[in-house]
Amino acid sequence: MAVPRILIVGGGYVGMYTALRLQRRLRRGEALVTVADLDSYMTYQPFLPEAAAGSIEARHVVVPLRRVLNKCQILSGRVTQVRLGDRKAEFTPHQGPDLTIAYDYLVVAPGSISRLLPVPGLAEHGIGFKTIEEAIALRNHVLGRLDIAASTPDPEVRRKALTFVFVGGGYAGVEALAELEDMAADALKYFEGLSREDMRWILVEATDRILPEVGPDMGRWTVLQLRERGIEVRMGTLLKSAEGRRIVLSDGEEFDADTLVWTAGVKPNPLVGAGDLPLDKKGRIRVDPCLRVHDTGFAFAAGDCAAVPDLTRPGEFCPPNAQHAVRQARTLADNLLAALRGHSQRPYRHKYAGSVASLGLYKGVAQIYGRELRGFPAWFMHRTYHLTRMPTFNKKTRILMDWTLGLFFPREIISLGAIEEPRKEFTPPPPPPPPPPLLSPLLWGCRRRPGPRRSVSR
């Protein structure tokens, strides 16, 4: 009898935690688990702001799938199509021919991508904040702007280099801005001629509030805290254009900025629409409370790409955040095992624990089981909560060591911008311009004219 094959599309929160739970609970030879993802690691996104600010080493916020899921098959590449009809998926590895993967049970969890709007110049000059690569690139970029500003007397170049715009007032935008502003302010002590007043940090939010997850009161308190630090918070404002790095806002203000960070929402990964998966109006996979894809008994989905019913709020769906993704993965794995063994399945139901957000070193905001925290207690709760949720004891220990060393030594302020162009030294330089003529044409008329030839007697 053939061993059932379980295909997990995506190696993020849902994909990795589902595979990890299956790996622990499957009996020997009961099923073969394959995890297919573009990257062979899972990024713990709540720690991206601290990685960008240099409080945590970047490698410590990612978990290698091949090490953690040592009993699973890991495929690195892009799943281009998932079909329920014939239970097959199309897979394109980073190199080599395409593959067709057959499966008996399916988990679809490719996550989400940044939701870009048709803003002129955004695609050319904006940067997101969803991956570890984007976080490190943004850190190098910000430190590089400080180098530029400290090395030129041109006031326009300095002003443009020291203007940082973040669009989106959710967790990603607020935490990224707050951590990077805190890092830049701390680094300025090493940049002669620059002060905190020279920098301009701007948060642009289309609605009338930021951090809606922590409640309106804490959101307003966060706005006051950011403004006390000199950060401009523009609520009810849209980004209209960023062409040529010229920022145009809906309130009429225009200015130049070298840095534009886009964190204004996400949308399901386009993969979910590349097959025959049932989707809702927002492009999410339709699932029932047991996380089964509608009208199937073998396919499951969860996380950002799925419309998971929220049983605690009838008629609504679970928000796309890490807290739900980790919990849904646990229920999904148990239900898949139940389907494999012919047992009954249970619906996903959660108890909301609360929300925490970091606003820089020793600063934060939190709402835990209805209780509001702010300042140092909230910051400490943020670190404690996410440290306990970080996968593997190895990563927990390394992060804790990073924080401990940060108590005694200053943060690094080195910009490794050259890492984005590692082959630049191998690129042949452009050919030199042609040499100028021996005599410039303007000098031809200044040459001494020959006089009458003299006869020379010998």
Side-chain angles (χ1 to χ4, degrees), residues 2-20 22-23 26 31-43 62-116 123 128 130-134 266-279 283-287 292-306 325 329 332-333 336 339-340 422-423:
V3 177
R5 295 159 296 181
I6 301 173
L7 174 62
I8 300 177
V9 179
Y13 292 114
V14 174
M16 193 204 75
Y17 279 106
T18 298
L20 188 61
L22 289 175
Q23 177 178 270
L26 281 170
L32 172 64
V33 180
T34 298
V35 180
D37 190 67
L38 190 62
D39 300 311
S40 59
Y41 55 84
M42 188 277 281
T43 302
V62 296
V63 179
L65 298 180
R66 298 185 186 277
R67 177 182 295 175
V68 176
L69 305 176
N70 56 351
K71 296 181 182 178
C72 301
Q73 180 187 28
I74 307 298
L75 299 180
S76 296
R78 187 183 300 276
V79 177
T80 57
Q81 188 183 63
V82 175
R83 300 191 299 271
L84 301 177
D86 58 0
R87 298 197 186 189
K88 291 182 179 179
E90 301 300 326
F91 175 77
T92 301
H94 291 299
Q95 290 187 3
D98 293 353
L99 305 174
T100 298
I101 305 174
Y103 62 85
D104 298 294
Y105 294 91
L106 174 69
V107 177
V108 187
S112 59
I113 62 173
S114 296
R115 182 188 59 187
L116 295 182
K130 280 187 62 63
T131 67
I132 189 64
E133 293 83 2
E134 289 173 331
V266 296
K267 64 179 181 180
N269 193 300
L271 165 65
V272 301
D276 55 0
L277 294 168
L279 306 180
R284 301 171 299 185
I285 303 173
R286 296 169 54 221
V287 299
R292 294 171 299 205
V293 177
H294 269 282
D295 299 326
T296 72
F298 60 89
F300 299 80
D304 296 358
C305 68
L332 192 156
L336 196 156
L340 179 66
R423 291 185 49 80

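Bear in mind the structure is a predicted one, so any value in this text is a computation, not a measurement.
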(request) In sequence, state the C-alpha distance, the side-chain angles, and the governing distance for Leu106 and Thr296, and then conclude on side chain to side chain contact (heavy atoms under 4.5 Å, CB included). (result) CA-CA 10 Å; Leu106 174 69; Thr296 72; over 6 Å; no
(request) Please check if the side chain of His294 supplies one atom and the backbone of Ile285 the other of a donor-acceptor pair under 3.5 Å. (result) no
(request) Kindly give the heavy-atom pair with the smallest separation between Ala102 and Arg5, and that separation in Å. (result) CB-NH1, 3.6 Å
(message) Do Thr131 and Thr43 have side chains that approach each other closer than 4.5 Å (heavy atoms only, starting at C-beta)?
(response) no
(request) To the nearest 0.5 Å, tell me how far Leu277 CG sits from Leu84 CG. (result) 5.0 Å
(request) Can you establish whether the number of heavy atoms outside Asp295 located under 6.0 Å from its atom CG is more than 12? (result) no
(message) Quick check: closest heavy atoms across Gln81 and Leu271, and the distance to 0.1 Å?
(response) N-CD1, 3.7 Å
(request) Might you work through the side chain to side chain contact (heavy atoms under 4.5 Å, CB included) test for Leu65 and Met42, ending with a clear yes or no? (result) CA-CA 7 Å; Leu65 298 180; Met42 188 277 281; 4.2 Å; yes
(message) Any salt bridge linking Arg83 with Asp276? Criterion: basic side-chain nitrogen under 4.0 Å from a carboxylate oxygen.
(response) no
(message) Would you compute the distance between atom OG1 of Thr18 and atom CG of Leu336 and round it to the nearest 0.5 angstrom?
(response) 8.5 Å
(message) So if I apply the side chain to side chain contact (heavy atoms under 4.5 Å, CB included) rule between Gln73 and each of Thr34, Val35, Ile101, Val33, which one comes out positive?
(response) Thr34
(request) Decide if atom NZ of Lys88 counts as having more than 12 heavy atoms of other residues, nucleotides or ligands within a radius under 6.0 Å. (result) no
(request) Check whether any side-chain N or O of Gln23 sits under 3.5 Å from a backbone N or O of Lys71 as a donor-acceptor pair, and report yes or no. (result) yes
(message) As an exercise, state the distance from CG of Asp86 to OH of Tyr103, rounded to the nearest 0.5 Å.
(response) 7.0 Å
(request) Answer yes or no: is there a donor N or O on one side and an acceptor on the other, between the side chain of Arg292 and the main chain of Gly297, under 3.5 Å? (result) no
(request) List the atom of Gly111, the atom of Asp304, and the distance in Å for their closest heavy-atom pair. (result) C-CB, 4.0 Å
(message) To the closest 0.5 Å, what do you measure between CG (Leu69) and CD1 (Ile8)?
(response) 8.0 Å
(message) Determine whether a donor-acceptor pair (N or O, by modelled atom type, separation under 3.5 Å) exists between the side chain of Asp98 and the backbone of Thr92.
(response) no
(request) Might you point out which heavy atoms bring Ala306 and Ala301 nearest each other, and give the distance in Å? (result) CB-C, 3.9 Å
(request) Taking all non-hydrogen atoms of both residues into account, name the closest pair between Ser40 and Ser76 and its distance. (result) CB-OG, 3.5 Å
(request) Under the side chain to side chain contact (heavy atoms under 4.5 Å, CB included) rule, what do Phe300 and Val14 come out as? Steps first, then yes or no, please. (result) CA-CA 11 Å; Phe300 299 80; Val14 174; over 6 Å; no
(request) Nearest 0.5 Å please: distance from the CG atom of Asp39 over to the CD1 atom of Ile132. (result) 11.0 Å
(request) Would you name the heavy atoms of Tyr105 and Pro4 that are closest together and state the gap between them? (result) CE1-CB, 4.4 Å
(message) Please determine whether side chain to side chain contact (heavy atoms under 4.5 Å, CB included) holds for the pair Glu90 and Thr100, giving the CA-CA distance in whole Å, both sets of side-chain angles, and the decisive distance to 0.1 Å.
(response) CA-CA 5 Å; Glu90 301 300 326; Thr100 298; 3.0 Å; yes
(message) Distance check, rounded to the nearest 0.5 Å: Leu38 atom CG versus Leu75 atom CG?
(response) 12.5 Å
